[in-house]
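One structure is given here, and the rest of the page talks about it.
Heavy atoms only: backbone and side chains are in, while hydrogens, waters and symmetry mates are out. These figures come from a predicted structure and were not determined experimentally. Note that ligands are numbered from 1 as they come in the structure, with each ligand's atoms numbered from 1 the same way. FYI, the numbering just counts along the sequence from 1.
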Amino acid sequence: MDKGPLVLSEKPVIGVSACCMGSPVRYNGKGWNMLDFIGREKNDFIWCPVCPEVFSGLGVPRDPIHIAGESGSDAWKGNARILNRAKKDVTSHMLEGCKTAASILEKSDAKAYVYLDGSPSCGVYRTSLKNKRIGKPPGVFGSALYDKGYFLIPVLDLQSPVRWWDWKRRLLAFLWLEKAEISNKKELYDIWYRYKFICQELDEPWAREKGRELASLGKAVDDEYIRFF
Ligand code: SF4
């Protein structure tokens, strides 16, 4: 790997909660076009809107749903149920709808997803606007994307130019790293040389520890370690 300029030659594909791209698919038939907040920059990406609740066959308008249990990730393990307002169990519908949405994102080659926090489906840190952030992925679809390693961006941050700028540079770093080929210690060093600053911003003690770990590596670095790193 040389140290030339970093270029992503194709427009990145980003999945997005369909209701945040103007589709009137929320339980109450509403939707907003949140992409308008980033103006012409929305043309720098290809957007793939999905709505796991509509793909579940629940229709519009519909009863709002909630998770009866700890979190959406528990619904995947059979330890939580998804109920609508009339207490009808729609768990199997929802899991199928989430699988359909995930397969569409996969086909579109999206590696990132802009999600609506507060949704029991697409939310990542909250499943209700009343709850505080609880620091683990509770939405049914959000938890699936989290587990699959998607780069997750909360849609509300598109309203702030500074936050969007910050998300965008991290996203581009993430996408570039996805494409980077690392097969030996020197290439691993080169990658770290480019990434350590962003890692230090996110978690300085962790980044410094990783830097020390790399510096103490022996000559031979096996593939398993490279993948792990
Ligand atoms: S399931 Fe997701 S895309 Fe569909 S309405 Fe709810 S938040 Fe929007």
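Taking distances strictly below 2.8 Å, the protein N/O/S atoms close to atom 2 (Fe) of ligand 1 are C122 SG.
In the hydrophobic clustering of this structure, L171 groups with L35; members are Ile, Leu, Val, Met, Phe, Trp, Tyr whose side-chain heavy atoms approach within less than 4.5 Å, directly or through other members.
Taking the side chain as every heavy atom from C-beta outward, I191 and W176 approach each other to under 4.5 Å.
Evaluation of the side chain to side chain donor-acceptor pair (under 3.5 Å) rule for T91 yields D89 as partners, not counting sequence neighbours.
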Which pairs of donor and acceptor atoms, one on a side chain in residues 149-159, lie under 3.5 Å apart (sequence neighbours left out)?
from: D157; atom 1: OD1; to: R163; atom 2: NH1; distance (Å): 3.1
from: D157; atom 1: OD2; to: W167; atom 2: NE1; distance (Å): 2.8

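Contact annotation for R62 and ligand 1: only side-chain heavy atoms (C-beta onward) come within less than 4.0 Å of the ligand.
Counting all heavy atoms, side chain and backbone alike, C98 lies closest to V140 at SG-CG1, 3.8 Å.
The list of salt bridge (Lys or Arg N to Asp or Glu O under 4.0 Å) pairs with a residue in residues 50-61, not counting sequence neighbours, reads E53-R62.
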